[in-house]
Amino acid sequence: MTTEKIDIISGDYEEGVARAGGILRRGGIVAIPTETVYGLAASALDDRAIEKVFLAKGRPQNNPLIVHISDISMLKDVAEDIPDAAYRLAERFWPGPFTMVLHRKNTVASRVSAGLDTVAVRMPSSIAARDIIAASGVPLAAPSANISGSPSPTTAAHVTDDLDGRVDAIVCGEDCAVGVESTVVALFSDPPRLLRPGAVTAEQLRAFLPDLVIDKAVLSEPAKGESVASPGMLYKHYAPETETFLAEGESKDFVSFVNSQADCAAVCFNEELPEISVKKISYGDRNDQSTLAKNLFSVLREVDRLGVKRVYVHAPDKLGMGLAVYNRLLRAAGFKVIKL
Ligand code: AMP
Ligand code: MG
């Protein structure tokens, strides 16, 4: 398949958006920019288009997709029995990196929800993403636009590396400002449950949902055969090819640990760069959680170019957005954690 590149930065924006919307409306699959990571979009109402998304990504069939809307009026087209809390949360956190899992309306293709009777819904703050949804005229299901298992794409170049020749078009827009996937909260059950941490933090959500529970899959590996509320949390995921370990502890212990290892690289904080004698890449200042999140997936892609056997990533503190970064790194490392 030839993949059309639609450049909405140096090319005509309006024309590019209309072009992407048309391909999507006719059942095609198109990678689009959002503020979290690039998404691989298809009409959420079209089972065959959704099947193409799973095939292009090599995504496990039991991992459901998030439906993206461009206006609050579209919410009732994809979900039903919507609790009042959902509207209060939407008012505060939409448009933005925040996803709610609600009861599914059966107009939504059942493949979108991988057979579940619930649906995950988000309204992105990326204007390009919302304009493309509006131009397509349908809600768009969009998982991250990468090959399943590899680090999520935060630039159009990452998408091209993974999906060129496998999708109808790639909309080349801005780099993703947030850099990690949206916060996912299940609202169909009582108490509400945080299924995936993101830029909207648990601390922010507790002001609206005081009884919010953090699903235990967020910070630990589900046992074999255990069913989890968010199937996407089951897998080794977001991972470089290079064997990756997550190392937790103080800077001085991380520095002396990596300096004593052979054939390895370190993914570290800026402050640690001068002290580390092995190959190294920084992903930001230790206390700047949003920069760590923004750089995370680019750095995980760079790791494979270092030509080392192992990489040790210094774990962020689990506060604020640090929880989202830690959650992704735990999976990138296949749950291999070294306590320093
Ligand atoms: P991605 O498409 O890569 O952003 O992944 C979507 C995430 O949302 C995965 O972790 C899914 O398991 C989760 N998700 C999507 N739909 C549902 C749903 N109906 N119930 C629970 N989790 C969901
Ligand atoms: Mg993904």
Side-chain angles (χ1 to χ4, degrees), residues 29 31-42 44 50 53-54 56-69 78-82 86 97-106 108-124 126 129 139-154 158-159 162-163 176 178-189 192-200 213-215 217-218 222 226-239 293 296-297 300-301 324 327-332:
I29 62 174
I32 64 168
T34 85
E35 75 279 18
T36 56
V37 303
Y38 270 71
L40 178 56
I50 301 301
V53 167
F54 278 91
K57 282 182 57 78
R59 186 174 173 103
Q61 293 288 339
N62 64 349
N63 190 6
L65 311 182
I66 294 171
V67 175
H68 295 69
I69 59 177
V78 297
E80 54 191 22
D81 301 334
I82 302 165
F98 175 66
T99 297
M100 296 190 269
V101 184
L102 299 161
H103 287 287
R104 177 166 68 97
K105 192 153 188 173
N106 60 16
V108 173
S110 65
R111 263 204 178 83
V112 166
S113 297
L116 300 171
D117 55 10
T118 53
V119 63
V121 192
R122 168 166 117 81
M123 190 198 301
S126 155
L140 297 178
S144 50
N146 55 326
I147 295 287
S148 225
S150 72
S152 300
T154 54
H158 295 160
V159 179
D162 276 22
L163 296 181
C176 302
V178 175
V180 293
E181 299 84 348
S182 58
T183 305
V184 179
V185 173
L187 283 183
F188 62 86
S189 59
R193 191 170 282 273
L194 179 75
L195 301 183
R196 179 173 72 182
V200 172
V213 172
I214 300 192
D215 197 87
V218 167
E226 186 182 345
S227 74
V228 298
S230 182
M233 291 286 104
L234 271 175
Y235 312 105
K236 176 176 175 190
H237 207 147
Y238 319 114
L296 174 71
F297 288 127
L300 291 181
R301 280 176 182 254
N327 166 274
R328 305 313 188 275
L329 282 170
L330 193 58
R331 283 160 179 82

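One-based numbering, in listed order, for ligands and for the atoms of each.
Of the protein's heavy atoms, Ser230 OG, 3.5 Å lies nearest to atom 13 (C) of ligand 1. The closest protein non-hydrogen atom to atom 17 (C) of ligand 1 is Pro64 CG, 3.4 Å. Considering only non-hydrogen protein atoms, atom 19 (N) of ligand 1 sits nearest to Thr118 OG1, 3.0 Å. Considering only non-hydrogen protein atoms, atom 3 (O) of ligand 1 sits nearest to Ser144 OG, 3.3 Å. Protein heavy atom nearest atom 12 (O) of ligand 1, with residue, atom name and distance: Gly232 N, 2.8 Å. In this structure, the protein non-hydrogen atom closest to atom 21 (C) of ligand 1 is Ala229 O, 3.2 Å.
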Note to self: Does Arg196 form a side-chain hydrogen bond (donor to acceptor under 3.5 Å, both in side chains) with Thr99? I'd like the steps, not just the answer.
What the structure shows: CA-CA 9 Å; Arg196 179 173 72 182; Thr99 297; 5.2 Å; no

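Side chain of Thr36 to backbone of Glu181: no donor-acceptor contact under 3.5 angstrom is found. Judged purely by atom type and a 3.5 angstrom limit, Arg331 has no side-chain atom pairing as donor or acceptor with the backbone of Tyr238. A side-chain donor-acceptor contact under 3.5 Å links Asp162 to the backbone of Ile147.
Side chain to side chain, Ser152 and Arg328 fail the donor-acceptor criterion of an N or O pair below 3.5 Å.
For the residue pair Val37 and Ser144, the shortest heavy atom distance occurs at CG2-CB, 3.8 Å.
Taking 2.8 Å as the criterion, Ser148 does not count as a coordinating residue of the Mg ion (ligand 2), since none of its N, O or S atoms falls below it.
Considering each of His237, Glu181, Arg196, the one bringing a non-hydrogen atom nearest atom 1 (P) of ligand 1 is Arg196.
Using a 4.0 Å cut-off between heavy atoms, Arg59 contacts ligand 1 through its side chain alone, with no backbone atom that close.
With ligand atoms numbered from 1 in the order given, ligand 1 contributes 15 (C), 16 (N), 17 (C) to contacts under 4.0 Å with heavy atoms of Ala120. Which parts of ligand 1 touch Val101 is read off a 4.0 Å heavy-atom cut-off, strictly below it: atoms 18 (C), 19 (N), 20 (N). Those atoms of ligand 1 that come under 4.0 Å of a heavy atom in Pro143, given as number and element, are 2 (O). With ligand atoms numbered from 1 in the order given, ligand 1 contributes 9 (C), 11 (C), 12 (O) to contacts under 4.0 Å with heavy atoms of Asn63. Every atom of ligand 1 with a heavy atom of Leu195 under 4.0 Å away is listed here by number and element: 21 (C), 22 (N).
Within the 4.5 Å cutoff, no side-chain heavy atoms of Val67 are placed close to those of Leu65. Put simply, the side chain of Pro143 reaches to within 4.5 Å of the side chain of Val53, judged on heavy atoms. The shortest side-chain heavy-atom distance between Arg104 and Phe188 does not fall under the 4.5 Å cut-off.
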